[in-house]
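Reading through the C-alpha cells given below for one structure.
Residue numbers begin at 1 in each chain, while the letters A, B, ... track the order of the sequences. Below, each value reflects all heavy atoms present in this structure, side chains not excepted, and no hydrogens, waters or symmetry copies.
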Protein chains: 2
Amino acid sequence: MSEEANPTRKRLVDAATKLFYAEGIGRVSVDAVAEKAGLTKRTLYYHFKSKDDLIAAYLEGRDQPNLEQMAGWFEAAEGGADKKVEAIFTNLARVTRHPKWKGCGFLRTAAELAATPGHPAVKAGARHKTNFEKWLASALSGHDVAEAKMLAREIVLLMDGAFSSMLIHHNPDYVAAAGHAAATLIRARMMGKG
Amino acid sequence: MSEEANPTRKRLVDAATKLFYAEGIGRVSVDAVAEKAGLTKRTLYYHFKSKDDLIAAYLEGRDQPNLEQMAGWFEAAEGGADKKVEAIFTNLARVTRHPKWKGCGFLRTAAELAATPGHPAVKAGARHKTNFEKWLASALSGHDVAEAKMLAREIVLLMDGAFSSMLIHHNPDYVAAAGHAAATLIRARMMGKG
DNA sequence: GTAAGTATACCAACTAGTGAATATACAAGC
DNA sequence: GCTTGTATATTCACTAGTTGGTATACTTAC
C-alpha cells in the first residue's frame, strides 16, 4: 500500500529505472515498463496515475542511493578536503567510461522535460541536486560555513558540467579536468589562496 | 541546391530550430515541422533523408550564431580576462531568466539522444562545444598557451554546469556563481595565484 | 461479500516514412 | 515559336506500427 513495502510497486519502479535510464523517458513506453516488470499495463496504471507519476517515482528512488555513493567515495579517500573531492571525480571518471553510463539521470530527465517546467520529476531532480549540494557544504564546513556553501555550489557546477561534457564528448578527460578545477578552488578559497 | 542558397531548406531548418528548441526533439513530429514551415511532410523528406538528419541540420545551424554571441559579449566587456569571462556569465544569467529559455540546445539534444551515441546531431553538438573551447583558449592565451587551454576547459565545464543547474533549478544564482568561479580560476592560474 | 490487485481487450490519436502523381524550369531539336 | 525531354521540387493519400490511457471482468485474501 505505502511506499516501501509494496513489492509490485517496487517491481514497476525498478523496471522503469532500468529502462528510463538506459533509453530516456520519451523513448520508453509504459507498455515496455509493464512488460519488463512482468505485469500488465493496467496494473501499472493501478499503482501510478500517469506516466509522469512513474517518471517522478523513478527519480525519487535514485536520490538516496546516489547520495550514498558520493559520500562513500568522499569518506574513503585519504587527505584533505581537496583530495577527498578530487577522489569523487576520479571515481566518476571511472564509472562514466562504462558503456552503460548514459549521463546523470536527473539532468537528462530535466532536459527531456524542459518544455513542462512544473513537472514533478524535474522537481524531484532539483531536490536531489539540492540535497547533494547541502551534503557537500556540510562535508566541507570545517572552516567558514559561508565559504563552504559557496565552494559546494561551485563544485556542483563543475560536476554537472562534467556530466554534460562527458555525455556529449565521451571523453573522461573532462571529468578529470573538473576534479582538478574543484581541488584548485578548494585550495584557493579554504587554504589561504594557495 | 547546395547548403545556404536553398530557401525551402532554410525554411525547414528554421521551423525545426524553433520547435525542437522549444519542445525537445522527441516531442516534435516531422509533420509539425513541415506544417510550421508551410510545406508538406513529403517535401521535408525530399530535402532531408530522415528526422535524424533534420535534427543534425538544426544543431549545425546553431554553431556559428552561438559562437558569435559569446565572442560579442566577451569583446564588449571592459577589464582583464577575468572580467571579460565573467561578463559572458552575467549576460548568460540574464538570457536564461527569459521564460522561453529552455537550456542549451546542444546539451539537451545530447541528453535526449544519449541512447544512440553515434548520432550525427550529437557529433554536431560535440563539434560546437569543441569550437567554443578552442575560441576561448585563444581568447585567453595572452600568457601561457597550455595554461589557457586548461582554463578554457574549466570555464566550459562551469558554463555547461550553469546551463544544467539553471535548467533544473530555474535559479540564475547558479549562473552567477559559475561566473564567479570562472573568474577565480583565471586569477588563480593566470595572475600568479592571487 | 467486499475490497485490493491483476488481466484481457480495446481505443482514438499520433508516429516516421513512402508511392505515385504532379508542377515548374530550362534546355535541345526543328 | 513550338514541342519534347529531363531534372528538380512539391503535393496528396497512404501504410504499418506505436502511443498513453481506459472499460470491463476476473481473482484472490480476509
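- Rounding to the nearest 0.5 Å gives a distance of 9.5 Å between OG1 of B/T96 and CZ of B/R94.
- Contact record, B/L136 with B/I155: CD2-CG2, 3.5 Å, taken as the closest heavy-atom pair.
- Computed from coordinates, the A/L19 CG to D/dT19 C1' distance equals 16 Å when rounded to whole Å.
- Expressed to the nearest 0.5 Å, how far CG of A/L59 lies from NE2 of A/H128 amounts to 9.0 Å.
- Atoms CZ (A/R27) and P (D/dG20) sit 13 Å apart, rounded to a whole Å.
- Taking the centre and axis of the six-membered ring of B/F20, the NZ or CZ atom of B/R108 falls outside the cone set by 45° and 6.0 Å.
- For the segment residues 109-125 of chain A, no residue has any heavy atom less than 4.0 angstrom from an atom of DNA chain D.
- D/dG21 atom P lies 9 Å from atom NZ of A/K49, rounded to whole Å.
- Atom-to-atom, CZ of A/F48 to P of C/dA4 comes out at 18 Å; the value is rounded to the nearest Å.
- Here B/E133 contributes atom CD and B/D160 contributes atom CG; the two are 9.5 Å apart, rounded to the nearest 0.5 Å.
- A/I168 CD1 to B/C104 SG: the interatomic distance, rounded to the nearest 0.5 Å, is 7.0 Å.
- Taking 4.0 angstrom as the limit, B/T8 places a side-chain polar atom (N or O) nearer than this to OP1 or OP2 of D/dT10.
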Residue pair A/K18, A/D14: steps toward the salt bridge (charged side-chain N to carboxylate O under 4.0 Å, His left out) verdict: CA-CA 6 Å; A/K18 282 176 192 152; A/D14 286 353; over 6 Å; no

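- C/dG5 atom C1' lies 12 Å from atom CZ of A/R11, rounded to whole Å.
- Each end of the helix from C/dG1-D/dC30 to C/dC30-D/dG1 gets its own axis, taken as the rotation carrying the C1' atoms of four end pairs onto the next four within a five-pair window, and the two axes meet at 10° to the nearest 10 degrees.
- Using modelled atom types and a 3.5 Å distance limit, the side chains of A/S138 and A/S141 yield no donor-acceptor pair.
- Applying the 6.0 Å contact sphere to CD of A/E23 captures more than 12 heavy atoms from other residues, nucleotides or ligands.
- At a threshold of 4.0 Å, the pair A/K83-A/E78 does not count as salt-bridged, since none of the basic side-chain nitrogens sits closer than that to a carboxylate oxygen.
- Of the residues in residues 29-47 of chain B, B/L39, B/T40, B/R42, B/T43, B/Y46, B/H47 come within less than 4.0 Å of DNA chain D through at least one heavy atom, sorted by number.
- Once rounded to the nearest 0.5 Å, the distance linking CZ of B/R189 with CD of B/E154 reads 4.0 Å.
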